[in-house]
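For reference, positions follow the sequence shown, starting with 1. Counting convention: from 1, in listed order, for ligands and their atoms alike.
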Amino acid sequence: MQNVSGLSDFRSDTVTLPTPAMRRAMADADVGDDVYGEDPTVRRLEERTAELLGLAAALFVPTGSMGNQIALRVQGRPGTEVLLDHRCHVFHFEMAGMATLSGLLPRPVASPKGVPTVEALRPWIRPEEIYYLPRTSMITLENTHNLAGGTVARRADLEPVLALAASRSIPVHLDGARLWNASAALGVPESVLASGFSSVMVCFSKGLRAPVGSAVAGSEAFVAEARRVRKLFGGGMRQAGVLAAAALVALEHERARLTEDHARARRLAAELAGIAGLSVDPASVETNMVMVTVDGRLGDAGTVLAHLKGKGVLAGSMGPDLIRLVTHADVGEADVARCVEAFRAASAS
Ligand SMILES: Cc1ncc(COP(=O)(O)O)c(C=O)c1O
């Protein structure tokens, strides 16, 4: 099925529709009751995901948010702090889940591009000898980083944080909703970027176009515990193989394509950078996101979004003057041209 709205939808890569190959695989999938561990297609997806990440095991979960929250619940202890970047998804968009579901206190640390430096993190790892301070039980990182603009963390960015955490025996979780994009952008296997993390969450339902599903991966012991927490959170699924089948197609056929989305985002940014009233830094575009700051002359982000919508272009607001555009398989060159024209018209109005 194609996008029948007639709109050019740059709001998110989550709007992508499943491919015909995915729909066929879903229809043909071998299934069983996965709460009893009897769904062969789910098993295959979990094994393939673990293999790609270089980790011992993986667990299929309905959403990325659930995967992150399961990892936090398994590895964090109630009444302790989780160090994380101040703009990360876990902190901003998961509805204080770590507090309500796991009794954890987020300790946000600022970073320019999404990965806090060791210098920024170290003072917040609480000293054990001061007994009335909360303990630090986890660190989470995000790659690519959504609110920082789809930025990529390289091995060299991750290494110092992982080394600091290891020196204090602190587990580090990776929100890798778009780890596939980071891997495609850098030309390195996902396993290289996942190495050293105690748990990794990945999504099949974003740029990879599967309709539903994510996974959380780690050691055998971590996944055994994660399976219990998934049930606790209401995420035990039955004939989930119909969903896993689409995710398997996503893994095998969509990862290589992501570089096209990245190239399209770079072209979009370069075009928008020339439009009066917009501030866009093409050099900052590393994957499939373009962040556009709107100057007051055009009104706020909401005004500009309404204008774009009038021209058939959908985008998202990430702040009072900040618009996010995301490229994906269901926006092509014609959509990019339409988007640029819509911004031009907004600037001229
Ligand atoms: C970086 C990041 N992590 C986690 C998620 C959560 O995924 P889901 O929408 O499947 O809960 C998202 C969703 O956009 C995301 O961008």
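In this structure, a donor-acceptor pair under 3.5 Å is present between the side chains of His262 and Asn181. Side-chain N/O atoms of Asp335 and Ser8 include a donor and acceptor closer than 3.5 Å.
Considering backbone and side-chain atoms together, Asn146 places an N or O closer than 3.5 Å to an N or O of ligand 1. Distances between N or O atoms of Ser214 and those of ligand 1 include no value under 3.5 Å. Every N/O-N/O distance between Ser205 and ligand 1 stays at or above 3.5 Å. Between Met201 and ligand 1, a contact under 3.5 Å exists for no N or O pair.
Nearest protein heavy-atom contact of atom 10 (O) of ligand 1 is Gly64 N, 2.8 Å. At the top of the distance list for atom 11 (O) of ligand 1, counting protein heavy atoms only, stands Ser65 OG, 2.6 Å. Atom 1 (C) of ligand 1 has its closest protein heavy atom at Glu142 OE2, 3.3 Å.
Judged by the shortest distance from any of its heavy atoms, His145 lies outside the 4.0 Å radius around the atoms of ligand 1. The closest approach between a heavy atom of Met66 and any atom of ligand 1 is not below 4.0 Å. Ligand 1 lies less than 4.0 angstrom from a heavy atom belonging to Asp175.
In Asn68, the part holding a heavy atom less than 4.0 Å from any atom of ligand 1 is the side chain.
A salt bridge is absent between Arg44 and Glu47: the closest approach of a Lys/Arg side-chain nitrogen to an acidic carboxylate oxygen does not fall below 4.0 angstrom. In summary, Asp39 and Arg238 do not engage in a salt bridge, as defined by a charged side-chain N under 4.0 Å from a carboxylate O. Salt-bridge formation is detected for the pair Asp13/Arg178: a Lys NZ or Arg NE/NH1/NH2 atom is positioned less than 4.0 Å from an Asp or Glu carboxylate oxygen. Salt-bridge annotation for Arg344 and Glu341: present, with a side-chain N of the basic residue lying under 4.0 Å from a carboxylate O of the acidic one.
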- Task: Please report the C-alpha distance between Met237 and Phe60 in whole Å, then the side-chain angles of each, then the deciding distance to 0.1 Å, and finally whether the side chain to side chain contact (heavy atoms under 4.5 Å, CB included) criterion is met.
- Result: CA-CA 9 Å; Met237 297 180 285; Phe60 188 43; 3.8 Å; yes
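Note on Leu251 and Met22: separate hydrophobic clusters, where clusters join Ile, Leu, Val, Met, Phe, Trp and Tyr whose side-chain heavy atoms are under 4.5 Å apart, directly or indirectly.
Atoms of ligand 1 found under 4.0 Å from any heavy atom of Thr63, numbered from 1 in the order shown, are 10 (O), 11 (O).
Proximity of Val161 to Leu141: side-chain heavy atoms (C-beta onward) are separated by under 4.5 Å at one or more points.
In the candidate list His89, Lys206, Arg178, Lys206 is nearest to atom 7 (O) of ligand 1, counting heavy atoms.
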